[in-house]
Amino acid sequence: MGFVSILGFTHKLIEERVKSGETAIDATAGNGVDTAFLARIVGPEGTVHAFDIQQQALDHTAARIAKEHPDTNVMLHLCSHAELLRVIPQDQHGLVAAVMFNLGYLPGADHATITQPGSTVTALEAAARLIRRGGIITAVLYTGHPGGEEEAAAVEQWASELPQKQFQVLQYRFMNQINRPPYLIAVEKRL
């Protein structure tokens, strides 16, 4: 039996913290895998907000949700995850259960369109304000493409500077694999 994969471990952390009826955010909708996962967890009484700057990603996500979770409340936002604070309703600020980031590029699309360090850090700062006590932020980092190393360094710096009394930060990675595999930074809000 091997270790849990990066995405599997990410989902496990979220499943332990998010309840039916809560609000969750997929900050990088991509092909809708994390959006569908969050929709399953929050159920028909909850809400999932999914963000992406590419219409193709939101189309894939909408199709996945229609097939797998048609009875859930999923709101798709064609804008940068840097807009989290503006888009998420004010009455949900401080109450969001989870915010997921799966950084890099949209699989199967243009690899030149990637998440950027500046907007990602802005989105992470917003996520830290949006989540409730016991809420979680997950960021899966991919360093094997141009710009990936710089974004990962920016995310690591942001996470390492979070106040210890308010946040707990975890890094989960496989260290002896070739081809620079993805790794996870997870942040849990303590206060």
Side-chain angles (χ1 to χ4, degrees), residues 3-52 57-103 106-107 115 120 123-141 155 159 162 166-172 182-191:
F3 290 121
V4 178
S5 72
I6 298 299
L7 295 178
F9 188 68
T10 301
H11 287 190
K12 182 174 175 42
L13 289 174
I14 289 172
E15 283 178 319
E16 291 173 352
R17 288 159 181 81
V18 179
K19 300 178 209 71
S20 178
E22 291 194 291
T23 297
I25 299 169
D26 183 354
T28 51
N31 286 315
V33 174
D34 290 336
T35 305
F37 164 75
L38 291 170
R40 178 179 61 80
I41 301 263
V42 302
E45 302 301 316
T47 301
V48 176
H49 292 271
F51 289 75
D52 211 292
L58 295 182
D59 292 344
H60 289 170
T61 300
R64 183 180 295 269
I65 294 302
K67 181 179 177 185
E68 297 177 19
H69 303 285
D71 60 339
T72 58
N73 185 21
V74 175
M75 304 179 77
L76 303 176
H77 305 285
L78 182 60
C79 62
S80 170
H81 51 223
E83 300 294 320
L84 287 174
L85 281 178
R86 181 186 63 79
V87 174
I88 300 302
Q90 187 73 34
D91 66 350
Q92 287 296 301
H93 290 202
L95 299 176
V96 173
V99 183
M100 297 184 77
F101 293 80
N102 202 333
L103 301 170
L106 174 63
T115 52
T120 296
L124 288 165
E125 290 170 352
R129 292 176 56 189
L130 289 168
I131 60 172
R132 62 165 166 73
R133 183 177 181 210
I136 187 169
I137 301 166
T138 61
V140 177
L141 304 161
V155 172
L162 288 170
Q166 292 178 285
F167 297 95
Q168 189 165 230
V169 179
L170 164 81
Q171 185 178 98
Y172 182 75
Y183 65 99
L184 167 69
I185 292 180
V187 177
E188 183 178 46
K189 193 171 200 173
R190 301 170 113 173
L191 299 175

Side chain to side chain, [X] and [Y], heavy atoms closer than 4.5 Å:
{"X": "Ile136", "Y": "Leu13", "value": "yes"}
{"X": "Val33", "Y": "Arg64", "value": "yes"}
{"X": "Val4", "Y": "Tyr172", "value": "yes"}
{"X": "His81", "Y": "Val99", "value": "no"}
{"X": "Thr10", "Y": "Asp34", "value": "no"}
{"X": "Pro89", "Y": "His49", "value": "yes"}
{"X": "Asn102", "Y": "Leu7", "value": "yes"}
{"X": "Met100", "Y": "His11", "value": "yes"}

Exam field: side chain His93 to backbone Ile88, donor-acceptor pair closer than 3.5 Å: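 Here the side-chain-to-backbone pair exists.
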Polar side-chain atom of His77 near backbone of Phe51 as donor-acceptor pair, under 3.5 Å: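 Checking the backbone N and O of Phe51 against the side chain of His77, no donor-acceptor pair under 3.5 Å is found.
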Closest contact, heavy atoms only, [X] versus [Y]:
{"X": "Ala50", "Y": "Leu58", "answer": "O-CD2, 4.2 Å"}
{"X": "Gly46", "Y": "Asn73", "answer": "O-CB, 3.4 Å"}
{"X": "Arg17", "Y": "Arg132", "answer": "O-NH2, 2.6 Å"}
{"X": "Thr28", "Y": "Asp52", "answer": "C-OD2, 3.9 Å"}
{"X": "Ile14", "Y": "Ala98", "answer": "CG2-CB, 4.3 Å"}
{"X": "Arg40", "Y": "Glu15", "answer": "NH2-OE2, 2.9 Å"}

Check against salt bridge (charged side-chain N to carboxylate O under 4.0 Å, His left out), Arg129 and Glu125: CA-CA 7 Å; Arg129 292 176 56 189; Glu125 290 170 352; over 6 Å; no
Residue Arg190 excluded, over 12 heavy atoms near CZ under 6.0 Å: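 Check passes, neighbour count above 12.
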Any chance you could measure [X], atom [atom1], to [Y], atom [atom2], to the nearest 0.5 Å?
{"X": "Leu124", "Y": "Ile185", "atom1": "CG", "atom2": "CD1", "result": "9.0 Å"}
{"X": "Ile41", "Y": "His69", "atom1": "CD1", "atom2": "NE2", "result": "9.0 Å"}
{"X": "Gln171", "Y": "Leu184", "atom1": "CD", "atom2": "CG", "result": "8.5 Å"}
{"X": "Ile25", "Y": "Thr23", "atom1": "CD1", "atom2": "OG1", "result": "8.0 Å"}
{"X": "Glu45", "Y": "Thr47", "atom1": "CD", "atom2": "OG1", "result": "9.5 Å"}
{"X": "Leu130", "Y": "Leu84", "atom1": "CG", "atom2": "CG", "result": "6.0 Å"}

Qualifying residue, where the test is side chain to side chain donor-acceptor pair (under 3.5 Å) with Thr35 and the options are Thr72, Thr61, Asp26: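 The passing option is Asp26.
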